[in-house]
Amino acid sequence: MGNIKINFDNAKDFEKKIMKYSRQVKEIHKELHAKADDKNEFCGWLNLPTNYDKEEFEKIKKAAKKIQADSDILLVIGIGGSYLGARAVIESLNNTFYNIQANNQRKTPQILYVGNSLSPNYISDLVNYIGDKDISINVISKSGTTTEPAIAFRIFREIMENKYSLKEARSRIYVTTDSEKGALKTLADKEKYTTFVIPDNVGGRYSVLTAVGLLPIATAGVNIDELMEGARIAQDRYSDENLKYNECYKYAVLRNILYEDEKNIEILVTYEPKMHYFIEWWKQLFGESEGKEQKGIYPSGAEFTTDLHSLGQYIQQGRRNLFETVISIENPENDIELKKEEDDMDNLNYLAGKTMDYVNKKAMEATIAAHVEGDVPNIVVNINKLDANNMGQLIYFFELACAMSGSILGINPFNQPGVEKYKTNMFKLLGKPGYEGK
């Protein structure tokens with residue numbers, strides 16, 4: 001049974017308009033699912049929770065156990081969808097201070113990330129931090145020629161080969177790439193690295209439930225069986241083409257209704273700092289999918305109550321082109337009861353006997369009420385707790401909503417032609433052969 005519940009009560013009267021999209025949604029639903037098994041389309045993620053490679057799934061778990069046994073650090077080399085999904089899940093479901101916990105507390109390797117920027121400071125600091133620690137690498141790239149991860153892999157591959165024997169270095173490098181072609185696939189075959197496949201019909205930002213995300217996630221100790229089971233529940237729950245019974249499609253439609261009403265910035269809000277990178281994953285998912293042809297809702301994010309002390313004023317009284325989607329977690333993993341103090345110097349005794357989660361929830365309710373009153377519609381996505389099953393459901397929910405929302409908008413939610421412009425300019429400035437006249 002699904003644990004996601006959507007509350008549209010604070011989106012004014014827009015829900016009344018949702019059912020007008022019923023026929024369009026039904027047509028898009030059929031079109032998307034007709035493409036799900038086509039290797040030439042990018043809709044393979046639709047059936048992934050039930051139609052994934054079971055043999056490779058077991059291979060992922062085996063590799064994760066090896067990395068856990070022989071490494072202090074797993075270095076994930078990738079950019080965009082090649083690392084954001086994994087980081088979102090790992091940081092949402094592990095201890096907030098996972099990477100700085102002592103080994104006997106953490107019990108699994110630190111997960112560190114590189115190849116997501118071109119900063120020499122970052123890489124130098126990382127090299128110094130690694131020092132003599134034992135490491136493994138998971139390099140993730142469809143082509144192997146994306147500039148940021150390719151540079152990082154070149155640097156850390158050399159470090160590995162100098163640190164270990166060539167044979168051992170090869171045994172510590174795990175490659176997630178195309179099944180048949182590309183520079184990284186060619187190198188992996190030559191060096192006999194352990195390889196995992198990025199399915200042809202799953203684009204990068206929809207790939208967290210493939211080996212792209214699953215190997216780092218499993219290495220960090222997250223139960224990937226439960227993660228996939230959550231995604232399967234969501235796949236089943238949101239398979240109904242009837243808009244009346246499909247909350248995922250209602251959310252996608254409502255986004256478009258709000259967009260037509262000049263609400264062109266969506267803020268994904270969490271009251272749980274662990275979900276920082278879930279917001280980052282969501283921003284890429286929607287931004288790269290919908291931002292085309294001078295169209296699209298701009299995806300932003302905020303962590304409350306922290307950002308209420310920086311962005312709260314603007315959200316409350318700035319331009320009225322905003323709406324918020326709030327992820328509410330009903331039951332926290334931990335809670336703290338507030339105690340009474342005799343002097344009450346901080347005037348907090350009125351909270352004695354209450355818990356921090358209670359205070360956090362009241363802050364959320366108060367903020368939603370204030371923002372709605374200030375003409376910022378709010379959609380609330382409720383989950384009962386933050387665990388692997390619910391994370392799988394959330395991932396699938398937003399992936400499907402994004403595909404539906406972008407299709408309603410009239411763009412292709414599975415390509416990213418605009419990303420190539422900066423690359424062309426950069427290659428020209430760097431003097432890359434073949435880009436001189438472009």
Side-chain angles (χ1 to χ4, degrees), residues 56-117 122-123 125-141 148-164 168-177 184 188 191 193-198 207-224 227 277 281 388 391:
E56 178 163 80
F57 193 79
E58 293 305 314
K59 181 182 173 184
I60 289 169
K61 291 194 280 189
K62 183 178 179 181
K65 287 180 179 178
K66 179 181 181 298
I67 297 168
Q68 289 170 349
D70 65 19
S71 302
D72 302 308
I73 295 169
L74 173 64
L75 198 57
V76 178
I77 301 178
I79 195 166
S82 294
Y83 91 103
L84 281 172
R87 191 165 189 176
V89 174
I90 291 167
E91 298 199 5
S92 293
L93 300 183
N94 279 319
N95 186 287
T96 301
F97 305 103
Y98 174 87
N99 271 334
I100 62 173
Q101 283 183 309
N103 290 345
N104 63 344
Q105 289 180 298
R106 187 170 12 89
K107 299 180 181 177
T108 49
Q110 292 176 299
I111 312 295
L112 302 179
Y113 306 87
V114 70
N116 48 40
S117 77
Y122 183 95
I123 289 184
D125 289 346
L126 182 57
V127 171
N128 289 334
Y129 176 75
I130 288 171
D132 61 358
K133 298 178 182 71
D134 282 317
I135 66 172
S136 290
I137 287 175
N138 180 203
V139 56
I140 306 162
S141 175
E148 296 90 340
I151 288 175
F153 184 46
R154 176 176 286 202
I155 292 169
F156 284 97
R157 179 186 172 207
E158 181 180 0
I159 289 172
M160 293 281 280
E161 291 177 352
N162 290 332
K163 186 181 183 73
Y164 303 104
E168 184 173 358
R170 287 170 174 164
S171 75
R172 290 174 173 271
I173 295 174
Y174 301 82
V175 173
T176 307
T177 190
L184 188 54
E191 299 292 331
Y193 298 142
T194 299
T195 58
F196 299 93
V197 175
I198 303 174
S207 67
V208 60
L209 297 176
T210 71
V212 169
L214 294 178
L215 179 57
I217 290 168
T219 302
V222 176
N223 189 320
I224 59 173
L227 186 72
Y277 270 93
W281 169 80
M391 185 58 65

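Atom set for the values below is all heavy atoms of this structure, side chains included, hydrogens, waters and symmetry mates excluded.
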task = Would you check if the side chain of Thr195 reaches a backbone N or O of Val175 as a donor-acceptor pair within less than 3.5 Å?
result = no
ask   = Is a side-chain N or O of Lys163 found less than 3.5 angstrom from the main chain of Asp134, in a donor-acceptor match?
value = no
request  = Determine the interplanar angle of the Tyr113 and Tyr83 rings, folded into 0 to 90°, and report it as parallel if under 30°, tilted if 30 to 60°, perpendicular if over 60°.
outcome  = tilted
inquiry  = Rounded to the nearest 0.5 Å, what separates atom CD1 in Ile159 from atom CD1 in Ile123?
reply    = 8.5 Å
query = What distance do Glu148 atom CD and Ile79 atom CD1 have between them, rounded to the nearest 0.5 Å?
reply = 3.5 Å
query = Can you check side chain to side chain contact (heavy atoms under 4.5 Å, CB included) on Phe196 and Leu214, steps first, answer last?
reply = CA-CA 10 Å; Phe196 299 93; Leu214 294 178; over 6 Å; no
task = Identify the heavy atoms of Ala218 and Ile60 that sit nearest to each other, and give their distance.
result = CB-CG2, 4.5 Å
key: Reported CD1-to-CD1 distance for the pair Ile77 and Ile151, which is rounded to 0.5 angstrom   = 12.0 Å
task = State, to 0.1 Å, how close Glu168 and Ser171 come at their nearest heavy-atom pair, and which atoms those are.
result = O-OG, 2.7 Å
key: salt bridge (charged side-chain N to carboxylate O under 4.0 Å, His left out) partners of Glu91, counting only residues at least two apart   = Arg87
remark   = Value for CG (Leu209) from CD1 (Ile217), rounded to nearest 0.5 Å, stands at 7.5 Å
Sub-4.5 Å side-chain heavy-atom contact between Gln110 and Tyr129 = yes
message = Looking at every heavy atom in both Trp281 and Ala88, which two are closest together, and how far apart are they?
response = CB-CB, 4.1 Å
query = Any donor and acceptor pair, going by atom type alone, linking the side chain of Glu56 with main-chain N or O of Val197 inside 3.5 Å?
reply = yes
message = So which atom in Pro216 and which in Ile90 form the shortest heavy-atom distance, rounded to 0.1 Å?
response = O-CD1, 3.6 Å
key: Residues, nucleotides or ligands: over 12 heavy atoms within 6.0 Å of Glu191 CD   = yes
request  = Quick one: do Phe156 and Val139 satisfy side chain to side chain contact (heavy atoms under 4.5 Å, CB included)? Show the steps, please.
outcome  = CA-CA 10 Å; Phe156 284 97; Val139 56; over 6 Å; no
request  = Run the numbers on Ile173 and Phe153 for side chain to side chain contact (heavy atoms under 4.5 Å, CB included), then give the verdict.
outcome  = CA-CA 10 Å; Ile173 295 174; Phe153 184 46; 4.0 Å; yes
ask   = Would Asn94 and Thr108 satisfy side chain to side chain contact (heavy atoms under 4.5 Å, CB included), going step by step from the backbone distance to the final call?
value = CA-CA 11 Å; Asn94 279 319; Thr108 49; 5.9 Å; no
Rounded distance [0.5 Å steps], CD1 in Ile198 versus OG1 in Thr177 = 5.5 Å
key: Contact summary for Asn104 and Lys107, nearest pair of heavy atoms   = O-CE, 3.5 Å
ask   = Under 4.0 Å between a Lys/Arg side-chain N and an Asp/Glu carboxylate O for Glu161 and Arg157?
value = yes
ask   = For Asp70, does its backbone N or O pair with a side-chain atom of Arg172 as donor and acceptor, under 3.5 Å?
value = yes
ask   = Can you check whether Thr219's main-chain N or O pairs, donor with acceptor, with Gln68's side chain at less than 3.5 Å?
value = yes
ask   = Nearest 0.5 Å, what's the CG-CD1 distance between Leu126 and Ile155?
value = 10.0 Å
query = Looking at Pro149 and Gly78, what are the two nearest heavy atoms and their distance?
reply = CB-CA, 4.1 Å
inquiry  = Taking Ile111's backbone N and O only, do any of them form a donor-acceptor pair with Asn99's side chain (distance below 3.5 Å, no angle check)?
reply    = yes
query = Near Lys62 NZ, under 6.0 Å, is it more than 12 heavy atoms from other residues, nucleotides or ligands?
reply = no
